[in-house]
Amino acid sequence: MKFHKGRLKFVIPISLGVAIASYIMLVNNYAEVGDRDRILIVIGAAILTAIISYFLFPQEGDNPNDRGPY
């Protein structure tokens, strides 16, 4: 498997959006969660989202048999 830099233009904004949304949700709905734990949850959500979205967004040329949209 080859690393594709082109996928990062999708991965980074999505993971930043998830990090911001999860932080806002934790602050508004779960005030009893400590600051350190809140930051760890946000970082974990952003990393997990980045990994999942990296593999779900295909890059052109991933599948040599693919002829494009029909």
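Start at 1 with the first residue, then count along the sequence.
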Exercise for the section: Output the rest of the hydrophobic cluster of Ile20: all Ile, Leu, Val, Met, Phe, Trp and Tyr residues reachable through side-chain heavy-atom contacts under 4.5 Å, sorted by chain and number. Expected result: Ile24
Handout entry: salt bridge (Lys or Arg N to Asp or Glu O under 4.0 Å) pairs, two or more places apart, involving residues 11-21
Key = none
Handout entry: Pairs where residues 15-26 contributes a residue and the test salt bridge (Lys or Arg N to Asp or Glu O under 4.0 Å) is met, not counting sequence neighbours
Key = none
Exercise for the section: Determine which pairs satisfy salt bridge (Lys or Arg N to Asp or Glu O under 4.0 Å) with at least one residue from residues 44-57, sequence neighbours left out, and list them in order. Expected result: none
Problem - For Tyr23, all residues meeting side-chain contact (heavy atoms from CB on, under 4.5 Å), sequence neighbours excluded - result: Val27, Arg38, Ile39, Val42
Practice task
Kindly compute the distance separating CG (Leu16) from OG1 (Thr49), expressed to the nearest 0.5 Å.
Solution key: 10.5 Å
Practice task
Taking side-chain contact (heavy atoms from CB on, under 4.5 Å) as the test, write out the residues that go with Ile51, two or more places apart.
Solution key: Ile47, Phe55
Exercise for the section: Kindly compute the distance separating CD1 (Ile52) from OG (Ser15), expressed to the nearest 0.5 Å. Expected result: 11.5 Å
Handout entry: Closest contact, heavy atoms only, Val11 versus Ser53
Key = CG2-OG, 3.7 Å
Practice task
Kindly compute the distance separating CD (Glu32) from CG (Asp37), expressed to the nearest 0.5 Å.
Solution key: 11.5 Å
Handout entry: Gap separating the CD1 atom of Ile41 from the OH atom of Tyr30, nearest 0.5 angstrom
Key = 10.0 Å
Completion exercise
Rounding to 0.5 Å, atoms CG (Leu40) and CG (Asp35) come to a distance of 11.0 Å
